[in-house]
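Encoded as C-alpha cells, the structure appears first; notes follow it.
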Amino acid sequence: MTKSQIGVYGLGTMGSALALNMAQNGFQVAVTNRSPNWMTPFIKEAGELADQIQPFDNLEDFVKNLKTPRVILFMIPSEKPMDMMIDLVTPMLQAGDTIIDGGNANFHDTRRRSAKMAKNDLHFVGMGVSGGESGARNGPSIMVGGTDHSWTQLKPVLQAISAKFKGDACVDHIGPDGAGHFVKTVHNGIEYADMQAIAEIYALLRDVDSWPAGKIGKLFSDWNDGPLQSYLVEISGQVLQAVDPETGKPMVDMILDKAGQKGTGRWTIIEALKLGQSANAIEAAVGARGWSSEKQTREVAQDMLKPASFETDLPGADDLESALMAARILGHAQGFRLLQAASDEYDWNLNMPRIAEIWRAGCIIRSSLLDDLADAFRSDLPQNELILAPAIRTRLDASIGALRRVVMAAVSNGIAVPVLSASLAWFDSIRTARGSTNLIQAQRDFFGEHGFRRIDKSGDHHGPWNG
Ligand code: 6PG
C-alpha cells in the first residue's frame, strides 16, 4: 500500500469536508478519528473518492502510513484536545514533520504550541479556514501561519483545494506561528460587524417601515447585484425570503433573537485593546450578540423604559444601501488596522493586499469590496490608512452622508444600530483634527497630577487647578 501524502485527524463536519476536497483533487489522504466508528459512514459518504482515502482505526498506523516528512491536519476542538493530541502524536513523529491545527484557535495558543514543537525540530501550523462546510468541501479561503518548511510541504495541496478568484488560489503563507490564526480571528471580527450591520438595516425596515421579511429579503437580493455584492448580503436575502414549513410564516420570524458566539469575535476585541487599538464597530457587533442573549431583561424592560417618539422617516432604499456600504468599508478598515498593529507587534510583516485578495473568494466575508481594498492597499496610502486611499475616500464621500441620515433616523426612532453608529463615530473621530481629549488630560491632571503636553511649548506641564 502506498503511503498517503497527507493525514486528516478528526472527521467532524469540517475535517470530512476537507479530506474529501483533498481526495477530489487527486491527493491520497489517510484519515482517522478519535472514535473509529465514524469511519464507516465517512467512507460511505466518500463514494468513488474512497479509492483515494486510507482509513485507519488507530493513531500509530495512521502516522506510519504517511509519507515523510509528514503532514497531519488536525480538525478537532482547538483547546485542550489539541494539546492532548500534540502530546500523543509527538513521540511518533520525526524531525521535519508538520502538524496543523485547522480550527479556530486562539493565536496565543498557536504561538505557544509552535515554540514547543520547534524544540523537537517539529513544525506546527496554525491554519485559518473560512467558508463553513461547503467552503471546506468545494474551496475555502485558507490562512497559513507557520514555517517556510511547512509552507513548502503544504502549498501544493492547499493551492489545489482552496477557492479560486479568477484563477488565483485563495490561500497564502501569512507569516510565522500564530499569524494565520490571528488573521482568521480578525476575519471573523469583520464577519461579526458585517453581519450585525446587515441585521441593523433589516431591523430598521422591519420596525420603522413595517416591511415583511420577504420584502426585505428581496431588497437584499437586489443589492447583491450591485456594489454590496457579497456572500453575507446574498445569504441574508435568501434567509429572509425562506418560509417556515411548519407555520407558513417567514422562517426568520420564527427564530429566537438570541445570537450565539464561539469566541473569535471576542478575541478580536481583546487583542485590539491589548494592542492599544479600538475596533469599535467590531466591538459593537460582539456587544450586540451579548445583549441579544439577555432576552428576559429586554422583555421586561420593553414595558418599563420610555421608547422614542418615532419622529424621522426612514431614508429610502438607496440611502440604506449606501449606509451599509459605508459601514462595511469602515468595519473592514478597522480589521485591517488591527492586522497592521499585530504585524508590527509580532514582526509578522503581514501583506495586507494579499490578505484582502485571499478573502475575495471562499470565505464568509467574500465580497466585491475586497477586490477594491486589495487595489487600494497597493495605491498611495497616506498615514498607511486604508480609509485615506484615494479610491476608498471617493467611496466614503459617496456613502457617508447616507450613513449619517440612517443613523439619525435610527436614533430618533429608538432603533439600536450599534455597528452603524459605531462606524460613524469612528469615522468622525478619525477625521477630526482637534478632538476633545484636551479636557480628559485636564481632568486627569486635576485629580491625579498626571501632567499634560501644551500646544505652544514642549515638555510636561500641570494646570493651575489648586490656585
Ligand atoms: C468561517 C466562519 C466560521 C464560523 C465561526 C464563527 O469563516 O467559516 O467564521 O469560522 O462561522 O465559527 O462562529 P460564531 O458566530 O459562532 O462565533
Side-chain angles (χ1 to χ4, degrees), residues 10 12-18 21 73-79 81-82 100-107 109-110 126-145 158 161-163 165 170-172 174 178 180-199 230-236 239 255-272 279 281-293 328 331-332 335 338-339 355-367 370 418-419:
T13 312
M14 294 295 281
S16 322
L18 286 169
N21 187 348
L73 169 61
F74 283 91
M75 293 303 297
I76 59 176
S78 285
E79 290 159 349
M82 193 67 225
I100 309 162
D101 175 359
N104 276 335
N106 186 312
F107 85 108
D109 287 334
T110 308
M127 185 171 93
V129 180
S130 179
E133 181 185 1
S134 122
R137 179 66 182 86
N138 305 307
S141 167
I142 307 176
M143 295 139 256
V144 177
L158 296 185
I161 68 163
S162 62
F165 180 85
C170 290
V171 56
D172 219 322
I174 298 292
H181 274 152
F182 186 82
V183 170
K184 175 62 179 26
T185 297
V186 174
H187 164 284
N188 283 20
I190 296 171
E191 171 187 305
Y192 273 50
D194 215 36
M195 290 168 75
Q196 175 65 24
I198 294 169
S230 60
Y231 174 70
L232 285 171
V233 167
E234 180 189 339
I235 63 161
S236 303
V239 300
I255 298 177
L256 189 67
D257 57 331
K258 280 169 84 166
Q261 51 181 317
K262 297 205 191 76
T264 44
R266 193 180 314 130
W267 294 342
T268 308
I269 294 310
I270 292 170
E271 296 310 323
I282 298 173
E283 199 280 330
V286 176
R289 289 202 194 182
W291 301 326
S292 83
S293 64
R328 171 174 286 173
H332 281 62
L338 181 51
L339 291 180
I355 292 170
E357 281 173 358
I358 67 169
W359 286 348
R360 289 177 302 184
C363 68
I364 302 294
I365 63 168
R366 61 186 183 260
S367 71
L370 279 158
V419 166

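Every number for a ligand or one of its atoms is a count from 1 in the order of the listing.
Geometrically, ligand 1 and G132 share a nitrogen or oxygen pair separated by less than 3.5 Å.
Nearest protein heavy-atom contact of atom 13 (O) of ligand 1 is K262 NZ, 4.1 Å. Protein heavy atom nearest atom 3 (C) of ligand 1, with residue, atom name and distance: K184 NZ, 3.9 Å. Looking from atom 7 (O) of ligand 1 to the surrounding protein, the closest heavy atom is S130 OG, 2.4 Å. Of all protein heavy atoms, the one lying nearest to atom 15 (O) of ligand 1 is R289 NH1, 2.7 Å. Among protein heavy atoms, atom 9 (O) of ligand 1 sits closest to E191 OE1, 2.6 Å.
D101 places no side-chain N or O within 3.5 Å of a backbone atom of G126 that could act as its donor or acceptor partner. The closest donor-acceptor contact from the side chain of R366 to the backbone of G362 lies under 3.5 Å. No donor-acceptor distance shorter than 3.5 angstrom exists from the side chain of S141 to the backbone of S130, with no hydrogens or angles considered. Panel note: side chain S293, backbone K258; no donor-acceptor pair is recorded below 3.5 Å.
Annotation for ligand 1: atoms under 4.0 Å from non-hydrogen atoms of H187 are 7 (O). For ligand 1, the atoms sitting less than 4.0 Å from at least one non-hydrogen atom of Y192 are 14 (P), 15 (O), 17 (O), numbered in the order shown with element in parentheses. Residue I364 has at least one heavy-atom neighbour below 4.0 Å for each of these atoms of ligand 1: 1 (C), 2 (C), 7 (O), 8 (O). In summary, the atoms of ligand 1 found under 4.0 Å from a heavy atom of Q261, numbered by their order in the structure, are 16 (O), 17 (O). Residue N104 approaches ligand 1 through these ligand atoms, each under 4.0 Å from one of its heavy atoms: 5 (C), 10 (O), 12 (O). The distance from ligand 1 to the heavy atoms of N188 drops below 4.0 Å at these ligand atoms: 5 (C), 6 (C), 7 (O), 9 (O), 10 (O).
The shortest separation from a heavy atom of G131 to ligand 1 is under 4.0 Å, placing the residue in contact. Within the structure, the closest approach of G265 to ligand 1 does not fall below 4.0 Å when heavy atoms are considered.
Rounding to the nearest 0.5 Å places CG of L18 at 10.0 Å from CD1 of I100.
Side-chain contact between V233 and R328 is present, with at least one heavy-atom pair separated by less than 4.5 Å.
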Pair Y192-V419, side chain to side chain contact (heavy atoms under 4.5 Å, CB included): steps then yes or no
CA-CA 10 Å; Y192 273 50; V419 166; over 6 Å; no
Evaluate the criterion side chain to side chain contact (heavy atoms under 4.5 Å, CB included) for residue pair Q261 and V286; output intermediate values, then yes/no.
CA-CA 8 Å; Q261 51 181 317; V286 176; 3.7 Å; yes
Take D172 and M143 through the test side chain to side chain contact (heavy atoms under 4.5 Å, CB included) and record every step on the way to the result.
CA-CA 6 Å; D172 219 322; M143 295 139 256; over 6 Å; no
